[in-house]
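Below you'll find the structure, written out as structure tokens, and then a few comments.
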Protein chains: 2
Amino acid sequence: MSKRTALNEEDVCSAIRDRVLEQRLAPGTKLTEESLCSIFGVGRTTVRRAFLLLTRDNIIELEKNKGAVVASPTPEDARQVFEARRVLEQAMLEKATANINGDDIKRLRDHLRDEEEALRQADIARWIRLTGRFHILLAQLSGNALMCKFLEQLVFQTSLIIALYGRTGTAPNCKGGDHERLVDALEDGDTKTAGEILTHHLTTIESQLVFKARSSEQDLHTIFATAND
Amino acid sequence: MSKRTALNEEDVCSAIRDRVLEQRLAPGTKLTEESLCSIFGVGRTTVRRAFLLLTRDNIIELEKNKGAVVASPTPEDARQVFEARRVLEQAMLEKATANINGDDIKRLRDHLRDEEEALRQADIARWIRLTGRFHILLAQLSGNALMCKFLEQLVFQTSLIIALYGRTGTAPNCKGGDHERLVDALEDGDTKTAGEILTHHLTTIESQLVFKARSSEQDLHTIFATAND
DNA sequence: TTTAGCAACATTGTCAACAATTTAATGGCT
DNA sequence: AGCCATTAAATTGTTGACAATGTTGCTAAA
């Protein structure tokens, strides 16, 4: 008799967040209360609370009397997310180099091994989740839980952004061994190089986004405007 | 017949946030649902939602079956808040100098005038609120709403920290004309000096905190320990 | 065929009653 | 008085019914 303790709103939140991180929940997906209630076996109250929290983190959008949909960050949102990530992660990396020790390096190495393994097993969802988690792991070394929490939000939003504007949709966000080389530099105590790799890493990902036109009112206007000349 | 539209959870949130910013709501203050319901004329549902949001912003602490109290940041929290503020505000200031124009400077000047006037009228609550808002106003010039929102959280938390650990409790957090000199430097396009003033400003405030012992179990142990030798 | 209006349905929002828990108060007892 | 247990009051948590709103599908008229 498995005494299953009732799930709370945090559980629902992190479940949804994980699906977003894995890109198994696409932007725009409608989230009805009823379906989530039955999926997680919780009451509407809990789902409702989860919605409120996820809205705060820009993971879903809540419209009065219309319910919740997975957020669709605009190109401008994307710009701000990457700008914030460069600022935060750079700063946190510098803080981290002060506190870092052998155990930390080992933990990063272990994580990299997990990434590779997921990739080898073609478990893409897991791999995507892990590449996101790498940045959070790195942030935790800074010793600033507050900034860490904020970065988490940004990582989740990045996943939505890549889902919307990523070149191939799922695959190549954190490839190219950037993570490995970053850890190498960290181990050598070469903060400067580590910072450069990190910034370049983020800028590269951002530069590969393609803001193609999407179906919306705005785009309809554009379409008819161009058809008129 | 003033058709007063019903307040929602955001209204309740910002009302509470403002009181925290003004330091009229001290850390540890109990917030009962009933009292807030009657004060704002809303149902328990709304208050409850507001609580959830405020918890997310570290403005109140919510304990199961025990209700909500205004948050009491620890000294470590304080350290992280100021560290994050230095990082964020510095970065946002740099972004701001790229976009800034005459209107922006004028808006800052107007704000400074408001600050002075509040101080002259001895409207301390208003003055405290304005000094906090100055930093938010500055952040808005960066053109990054995301980082701006995060900084807002930090400013509110700073108010709690000063209420707890500030030397005189209410008065001298943002004095000394630092704000004026900062705007001067901005107007001259002297980003470097502006940045130095800002960082120094924050570091000064932090260094003036005094983490005196507070009444709690931990402190009781300490007190009796020192009495034993 | 298209469109406007209407009706049936589904989903979300609100509220009040009830349950669970904590906090305050009462009353013996040493 | 001071302390502990028990009871009463107050506060928070949860649930379900109902109201408000949005959505879908249908009919009929142009």
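Order of the sequence lines sets the chain letters (A, B, ...), proteins ahead of strands, with each chain counted from 1. Computed over heavy atoms, backbone and side chain alike; hydrogens, waters and symmetry mates excluded.
Under 3.5 Å, the side chain of B/Arg44 and the base of D/dG13 form at least one donor-acceptor pair of N or O atoms.
Using a cutoff of 4.0 Å between basic side-chain nitrogens and carboxylate oxygens, B/Asp114 and B/Arg133 are not scored as salt-bridged. Ion pairing of A/Asp110 with A/Lys106 is present here, as a side-chain N (NZ or NE/NH1/NH2) and a carboxylate O approach within less than 4.0 Å.
For A/His135 and A/His179, the distance between ring centers is under 6.0 angstrom.
Residues meeting the salt bridge (charged side-chain N to carboxylate O under 4.0 Å, His left out) test with A/Glu33, sequence neighbours left out: A/Arg44, A/Arg48.
Backbone-only engagement by A/Gly67 is indicated by non-hydrogen atom pairs under 4.0 Å involving sugar-phosphate atoms exclusively. Residue B/Thr45 is in base contact, counting any heavy-atom pair closer than 4.0 Å across all strands shown.
One can place CG of A/Asn65 at 9 Å from P of D/dT23, the figure rounded to the nearest angstrom. Rounded to whole angstrom, the span from the NZ atom of A/Lys66 across to the C1' atom of D/dT23 amounts to 10 Å. Protein atom CZ of A/Arg48 is 15 Å distant from nucleotide atom P of D/dG16, rounded to whole Å. Atom CD of A/Glu34 is separated from atom C1' of D/dG22 by 17 Å (rounded to the nearest Å). Whole-Å rounding puts the B/Leu62 CG to D/dT11 P distance at 16 Å. Distance, B/Ile60 CD1 to D/dT12 C1': 13 Å, rounded to whole Å.
Scanning DNA chain C 5' to 3' for nucleotides with an atom closer than 4.0 angstrom to a non-hydrogen atom of chain B gives a first and last hit of C/dT14 to C/dT23.
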Please walk me through it: do A/Glu76 and A/Gln80 pass side chain to side chain donor-acceptor pair (under 3.5 Å)? CA-CA 6 Å; A/Glu76 171 61 15; A/Gln80 293 184 14; 2.8 Å; yes
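With no hydrogens or angles considered, no side-chain donor-acceptor pair links A/Thr204 and A/Ser207 at under 3.5 Å. B/Gln90 and B/Thr199 share a side-chain donor-acceptor pair at under 3.5 Å.
Taking 4.0 angstrom as the limit, B/Lys30 places a side-chain polar atom (N or O) nearer than this to OP1 or OP2 of D/dT12. OP1 and OP2 of D/dT11 both lie 4.0 Å or more from every side-chain N or O belonging to B/Lys64.
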